[in-house]
Number of protein chains: 2
Amino acid sequence: MKIGELAKRSGCRVVTIRYYEREGLLPAPARSAGNYRLYGEAHAERLAFIRHCRVLDMTQDEIRALLDYHDHPERPCQDVDDLIDAHLAHVADRIAQLQSLERSLVDLRTRCQGQRFASECGILKELARPLEGATGQVSGEEGGHVPGAHPRL
Amino acid sequence: MKIGELAKRSGCRVVTIRYYEREGLLPAPARSAGNYRLYGEAHAERLAFIRHCRVLDMTQDEIRALLDYHDHPERPCQDVDDLIDAHLAHVADRIAQLQSLERSLVDLRTRCQGQRFASECGILKELARPLEGATGQVSGEEGGHVPGAHPRL
DNA sequence: TGTTGACCCTATACTGACTATAGGGCTTGT
DNA sequence: ACAAGCCCTATAGTCAGTATAGGGTCAACA
């Protein structure tokens, strides 16, 4: 099948499939006489695996590790469990962070009493206050790799 | 004050301060004879405002909009409320997504019964299953701009 | 006076997971 | 023969910074 059909079947874009090939997640398929990529069922299955992982918000590195186990069925699978556990911990951490964020924003939101002018707006006043623990980076990397509040998948 | 001191006071890195200047969030400060940036209190306050917004996971565009109100105190502040409301909705959406993700991962995690080999691992088997609603992009952009599970702040 | 070390400067490239654009070639139907 | 709709490569852009290379400035100390 050509790349457009694979894209339709997998629900991922043509350019993304080519991107996965460049990144080494999908093997390069055979080519037609006119240099078109020709995929088989194995490619479709591997792409489904990748997409399933991406829906679960895994990084390419995590996916690469899982594909490696997928490709080596004789290996022990303890590390697969550990990888999922670690990813789960990252997701849980990110949820906790966003919930804390949400509380801050709700609090911030109460500060504007419908003033007419920005100069009296409690939201802007609150944002202008320095943070308590000013030293230290914005959020540190401890706690994992689950992105913040603005995804663009 | 020089850039290093501002960085220490604000808790953000020297390179990040220069980056904010390039991006137009912070105005270019005066320079010393030796071409060092020299900041005053106004810069420190503006940087605190920016950092406060970033801690709340706002994008640069959102911050730019809020700074614009900050800089024009005579304007009405209704739009500030709306911006915060919209951001709050994005954060809430992202929390819901991540919680759904967490449930999927917990479910996935139960599938491995400590098999010796990857070929029998229920996690890998489940990941290899195609997704039900295969057509349609990985998560669509509806629902806002709050990032996924792997932030790098 | 010379030099060490901490700080500062610019410019450029990299990150992740794609998306967008430019500039073409192939295939199929009319 | 030509047009529409697919496909190809290569390059650059997204966001919010971080990393690197290659150099300049300044204060203190020997």
Side-chain angles (χ1 to χ4, degrees), chain A residues 1-8 10-26 28-39 47 50-51 53-65 87 90 137-141 144-153, chain B residues 1-8 10-26 28-39 47 50-51 53-64 87 90 94 137-141 144-153:
Chain A
M1 101 195 79
K2 285 186 288 179
I3 199 168
E5 196 188 332
L6 180 61
K8 214 163 279 170
S10 66
C12 107
R13 296 188 187 163
V14 167
V15 285
T16 305
I17 296 174
R18 289 198 283 246
Y19 166 71
Y20 286 156
E21 182 182 327
R22 278 203 307 284
E23 292 298 305
L25 295 178
L26 267 184
R31 297 286 183 130
S32 74
N35 201 32
Y36 286 12
R37 288 173 178 82
L38 295 178
Y39 295 97
L47 183 54
I50 294 168
R51 260 183 56 71
C53 291
R54 282 298 298 137
V55 165
L56 295 173
D57 237 331
M58 294 180 198
T59 61
Q60 281 194 12
D61 278 351
E62 287 170 324
I63 297 171
R64 237 180 283 274
H87 182 56
H90 294 152
Q137 290 322 116
V138 161
S139 94
E141 349 212 309
H145 56 176
V146 176
H150 305 258
R152 107 192 46 273
L153 289 176
Chain B
M1 105 194 76
K2 285 185 289 180
I3 199 169
E5 196 188 331
L6 180 61
K8 213 162 281 171
S10 66
C12 103
R13 296 189 189 162
V14 167
V15 284
T16 305
I17 296 174
R18 288 197 283 245
Y19 167 71
Y20 286 157
E21 183 181 325
R22 278 203 306 284
E23 293 298 304
L25 294 177
L26 266 183
R31 296 287 182 128
S32 74
N35 201 32
Y36 287 11
R37 288 172 177 83
L38 295 177
Y39 294 97
L47 182 54
I50 294 168
R51 259 183 56 71
C53 292
R54 281 299 296 138
V55 164
L56 295 173
D57 238 329
M58 295 180 196
T59 62
Q60 281 195 12
D61 277 352
E62 287 170 324
I63 297 171
R64 238 180 283 274
H87 182 56
H90 294 151
R94 189 62 195 155
Q137 292 321 118
V138 162
S139 96
E141 350 213 310
H145 57 175
V146 176
H150 304 258
R152 117 186 38 274
L153 289 176

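Chain naming here is simple, since letters A, B, ... match the order of the sequence lines and numbering starts at 1 in each. In this text, all values refer to a predicted model and were calculated from it rather than measured experimentally.
Annotation: of the two residues near DNA chain D, Lys2(A) and Val15(B), the 5′-most nearest-nucleotide partner is Lys2(A). Nearer the 5' end of DNA chain C, as judged by each residue's closest nucleotide, is the contact made by Glu5(B), out of Arg64(A) and Glu5(B).
One interatomic measurement links the two molecules: CZ of Arg13(B) to P of dG17(D), which rounds to 10 Å at whole-angstrom precision. Between Leu38(B) atom CG and dC8(C) atom P there is a gap of 11 Å when expressed in whole angstrom units. Between the CD atom of Gln60(A) and the P atom of dC14(C) there is a distance of 17 Å, given to the nearest Å. Note: CD1 (Ile50(B)) to C1' (dG17(D)) measures 14 Å, nearest angstrom. In this structure, CZ of Arg51(A) is placed 14 Å from C1' of dA17(C), rounded to the nearest angstrom. Look at CG on Asp57(A): it is 9 Å from P on dA17(C), rounded to the nearest Å. Distance CD1 (Ile63(B)) to C1' (dG17(D)): 12 Å, rounded to an integer number of Å. The distance between atom CD1 of Ile17(B) and atom C1' of dC7(C), rounded to the nearest whole Å, is 14 Å.
Glu21(A) meets the salt bridge (Lys or Arg N to Asp or Glu O under 4.0 Å) test with Arg37(A); sequence neighbours excluded. For Glu5(A), the side-chain hydrogen bond (donor to acceptor under 3.5 Å, both in side chains) test picks out no residue, with sequence neighbours left out. For Arg31(B), the side-chain hydrogen bond (donor to acceptor under 3.5 Å, both in side chains) criterion is met by Asn35(B), not counting sequence neighbours. Residues satisfying the ring-ring contact (aromatic ring centres under 6.0 Å, His included) criterion with Tyr36(B), sequence neighbours excluded, are absent altogether. Under the rule for a side-chain hydrogen bond (donor to acceptor under 3.5 Å, both in side chains), the partners of Gln60(A) that lie at least two apart in sequence or sit in another chain are Tyr19(A), Arg64(A).
The backbone N or O of Met58(A) lies less than 3.5 Å from a partner atom in the side chain of Arg54(A), making a donor-acceptor pair. Under a 3.5 Å cut-off, the side chain of Arg51(B) and the backbone N or O of Cys12(B) do not form any donor-acceptor pair.
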Return the polar atom pairs (N/O with N/O) between nucleotides 10-13 of chain C and the protein under 3.5 Å, or none.
from: dT10(C); atom 1: OP1; to: Arg31(B); atom 2: NH1; distance (Å): 3.4
from: dT10(C); atom 1: OP1; to: Arg31(B); atom 2: NH2; distance (Å): 2.9
from: dT10(C); atom 1: OP2; to: Arg37(B); atom 2: NH1; distance (Å): 3.0
from: dT10(C); atom 1: OP2; to: Arg37(B); atom 2: NH2; distance (Å): 2.8

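Residue side chain Tyr36(B) reaches the base of dG24(D) through a donor-acceptor N/O pair under 3.5 Å, judged by distance alone.
With the end axes of the helix from dT1(C)-dA30(D) to dT30(C)-dA1(D) each set by five pairs, the angle from one to the other reads 40° at 10° resolution.
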Checklist line | Stepwise side chain to side chain contact (heavy atoms under 4.5 Å, CB included) test for Asp57(A) and His87(A) | finding: CA-CA 9 Å; Asp57(A) 237 331; His87(A) 182 56; 4.2 Å; yes
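Annotation: side chain of Tyr39(A) is not in contact with side chain of Leu47(A) (no heavy-atom distance under 4.5 Å).
Closest to the side chain of Ile3(B), out of dC9(C), dA17(C), dT18(D), is dC9(C). Here the side chain of Thr16(B) is nearest to one of dT18(D), dA16(D), dC8(C), namely dT18(D). Nearest to the side-chain atoms of Tyr19(A) among the listed nucleotides dA20(C), dC18(C), dT27(C) stands dC18(C).
Distance check: Thr16(B) OG1 to Leu25(B) CG gives 11.5 Å after rounding to the nearest 0.5 Å.
The phosphate of dC7(D) (OP1 or OP2) has no side-chain N or O of Ser32(A) nearer than 4.0 angstrom.
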